[in-house]
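All ligand and atom numbering here is 1-based and tracks the order in the structure. Heads up: numbering here begins at 1 and tracks the sequence. Keep in mind that this is a model prediction, so the values were computed, not measured. All values below were derived from every heavy atom in this structure, side-chain atoms included, with hydrogens, water molecules and symmetry-related copies excluded.
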Amino acid sequence: MIFMEIKFEKAETLKAKPDPSTLGFGKIFTDHMFMMEWNKETGWHDARIVPFGYLSIHPASTCLHYGSEIFEGLKAYRRADGKVQLFRPIENIRRMNNSADRLCLPKIPEDMAMEIYTKFVETEQDWTPSAEGTSLYLRPFMFGNDESLGVHAVHNATFMIIASPVGSYYKEGINPVKIMIESEDVRAVVGGTGEAKCGGNYAASNRAGERAEQKGYSQVLWLDGVERKYIEEVGAMNVMFKINGEVVAPMLTGSILPGITRKSCLEVLRNEGYKVVERRISVDELAEAMQNGTLEEAWGTGTAAVVSPIGELCYKDMKYTVNGGKIGEVTQHLYDTLTGIQWGKIEDTYGWTLPID
Ligand code: PLP
Ligand code: COI
């Protein structure tokens, strides 16, 4: 079904595809990008796929001053049979609309968004790498674009999708990462923007992230913003722990991003009969489990991070090694199951994948 006409302007010269061993994360971009504009009178209009390039923005544009920006992250995967498929794109579309609601940006009707995502991936699908562990990362994003300095819900917005062939997010790849529990800065509070995927959340995270990096940690694990007591999430992923045989996921309180990888991991674990609970877990409980050896595994979940084992946690200069610094059984199983479905190596009995024709 056609919800809107998408114009196509082909790039004059197409770039050479990169060597898959040098990809890293988000450094190389494909030949084209998707754009469309919105205003109160016309709604969404001018949908187009154009050569990838710089934008020209009014210096008073709302996004530059007041942070009216939201984004998403999802991946297209090259299956063994050569086809390209998306993983649960409708979840990203719905989450972006929730983020839009929180930031007073316009929503995109689900059917229209789905058509745009699939059309764009169809156009750029040759950029989906096939080497082990690689994919085409899609970054849909939207920003308020009023050309005036008043603070209010925007009357003009732009929605875009760019795409980047990627390898692993962390330099460690699937090897365990070191994470520092942050006790000074906070990321989000209930009633704030923590459950929206908006640029401001990440800008406010950078100071703690830098401090952690200087100490040799990959990212910080945030505590709740009110009591600084409960475990929330890591900078670019949700977290889960295996404590005394049970998988514990910090519950979605409103200040945590509802991750699609998190949701998928929980569905897999529950479906396979694992003991799983979503609840609040305090840093003291976690520290005790680390001390008495009942913390058996810790891992992060995210589109960019996939399923990422945590090998070391640091809290107030106390360092704890998790599972001898090695990937644990449940972490490995989740990694294998999710990536197996995503890359089409195992049957998708959940109906999560969407092949692109
Ligand atoms: N939490 C944060 C702050 C993130 O940036 C991400 C990445 O998208 C996630 C969690 C994981 O979400 P998802 O699994 O939907 O990628
Ligand atoms: C993703 O995993 O898609 C994210 O958005 C994380 C990001 C901040 C790199």
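When only non-hydrogen protein atoms are considered, atom 4 (C) of ligand 1 lies nearest to Tyr202 OH, 3.4 Å. For atom 1 (N) of ligand 1, the nearest protein heavy atom (residue, atom name, distance) is Glu233 OE1, 2.5 Å. At the top of the distance list for atom 16 (O) of ligand 1, counting protein heavy atoms only, stands Thr303 OG1, 2.6 Å. Of the protein's non-hydrogen atoms, the one nearest atom 3 (C) of ligand 1 is Gly235 O, 3.1 Å. Atom 8 (O) of ligand 1 has its closest protein heavy atom at Lys197 NZ, 2.8 Å. Atom 12 (O) of ligand 1 has its closest protein heavy atom at Gly259 CA, 3.4 Å. Among protein heavy atoms, the minimum distance from atom 6 (C) of ligand 2 is reached at Ala236 CB, 3.8 Å.
In Asn201, neither the side chain nor the backbone holds a heavy atom less than 4.0 Å from any atom of ligand 1. With a 4.0 Å heavy-atom cut-off, ligand 1 is reached by the backbone of Met237 but not by any atom from C-beta on. Neither the backbone nor the side chain of Arg88 has a heavy atom within less than 4.0 Å of ligand 1.
Considering backbone and side-chain N/O of Gly73, none are found under 3.5 Å from N/O of ligand 1. On a distance-only criterion, Tyr202 and ligand 2 share no N/O pair closer than 3.5 Å. Residue Thr261 places at least one N or O, backbone or side chain, under 3.5 Å from an N or O of ligand 1. Checked against a 3.5 angstrom limit, the closest N/O atoms of Arg262 and ligand 1 fall outside it. By the 3.5 Å distance cut-off applied to N or O atoms, Ala304 is counted among the residues near ligand 2.
Side-chain contact check for Phe87 versus Tyr77: some heavy-atom pair is nearer than 4.5 Å.
For the residue pair Thr294 / Asn292, a side-chain donor-acceptor distance below 3.5 Å is found, with atom types taken as modelled.
The closest approach between a heavy atom of Glu91 and any atom of ligand 1 is not below 4.0 Å. Taking 4.0 Å as the cut-off, Arg187 counts as a neighbour of ligand 1 on heavy-atom distance. Judged by the shortest distance from any of its heavy atoms, Glu72 lies outside the 4.0 Å radius around the atoms of ligand 2. Distances from ligand 1 to the non-hydrogen atoms of Ala236 include at least one value under 4.0 Å.
Near Phe71, with a cut-off below 4.0 Å to any heavy atom, the atoms of ligand 2 are 5 (O). The atoms of ligand 1 that sit less than 4.0 Å from any heavy atom of Gly302 are 11 (C), 14 (O), 16 (O). Near Arg139, with a cut-off below 4.0 Å to any heavy atom, the atoms of ligand 2 are 5 (O), 7 (C). Each of the following atoms of ligand 1 lies closer than 4.0 Å to a heavy atom of Thr301: 11 (C). Taking every heavy atom of Arg95 and a limit of under 4.0 angstrom, the matching atoms of ligand 1 come to 12 (O), 13 (P), 15 (O). Ligand-side atoms of ligand 2 in range of Tyr169: 9 (C), range being under 4.0 angstrom from any heavy atom. Taking every heavy atom of Tyr137 and a limit of under 4.0 angstrom, the matching atoms of ligand 2 come to 1 (C), 3 (O), 4 (C), 5 (O). In the vicinity of Lys197, heavy-atom distances shorter than 4.0 Å reach the ligand 2 atoms 4 (C), 5 (O).
Remark: side-chain polar atoms of Glu69 are not paired, donor with acceptor, to backbone N or O of Gly200 under 3.5 angstrom. Distance alone, capped at 3.5 Å, is enough to place a donor-acceptor pair between the Asn201 side chain and the Ala196 backbone. Of the possible donor and acceptor atoms, one in the side chain of Arg95 sits under 3.5 Å from a partner among the backbone N and O of Pro258. Between the side chain of Asp224 and the backbone N or O of Tyr230 there is at least one donor-acceptor pair closer than 3.5 Å. For the pair Glu124 (side chain) and Thr30 (backbone), a donor-acceptor distance under 3.5 Å is absent.
Scanning all heavy atoms of the two residues, the minimum distance from Val121 to Ala76 falls at CG1-CB, 4.1 Å.
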Determine, step by step, whether Arg262 and Glu278 satisfy the salt bridge (Lys or Arg N to Asp or Glu O under 4.0 Å) criterion, reporting the C-alpha distance in whole Å, the side-chain angles of both residues, the deciding distance to 0.1 Å, and the verdict. CA-CA 11 Å; Arg262 174 189 183 279; Glu278 290 174 75; 2.9 Å; yes
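The side-chain contact (heavy atoms from CB on, under 4.5 Å) check on Arg79 picks up Asp81, Lys83, Gln85, Pro355, with sequence neighbours excluded.
Remark: Lys242 is not positioned above the aromatic ring of Tyr274, lacking an NZ or CZ atom under 6.0 angstrom from the ring centre and at most 45 degrees off the axis.
No salt bridge links Glu72 with Lys197; every basic N to acidic carboxylate O contact stays at or beyond 4.0 Å.
The number of heavy-atom neighbours closer than 6.0 Å to NZ of Lys7, taken from other residues, nucleotides and ligands shown, is 12 or below.
With respect to Arg187, the side-chain hydrogen bond (donor to acceptor under 3.5 Å, both in side chains) criterion is satisfied by exactly one of Glu232, Glu182, Glu233: Glu233.
With ring centers used as reference points, Phe29 lies under 6.0 Å from Phe52. Ring centers of Tyr202 and Phe71: under 6.0 Å apart, within the cut-off.
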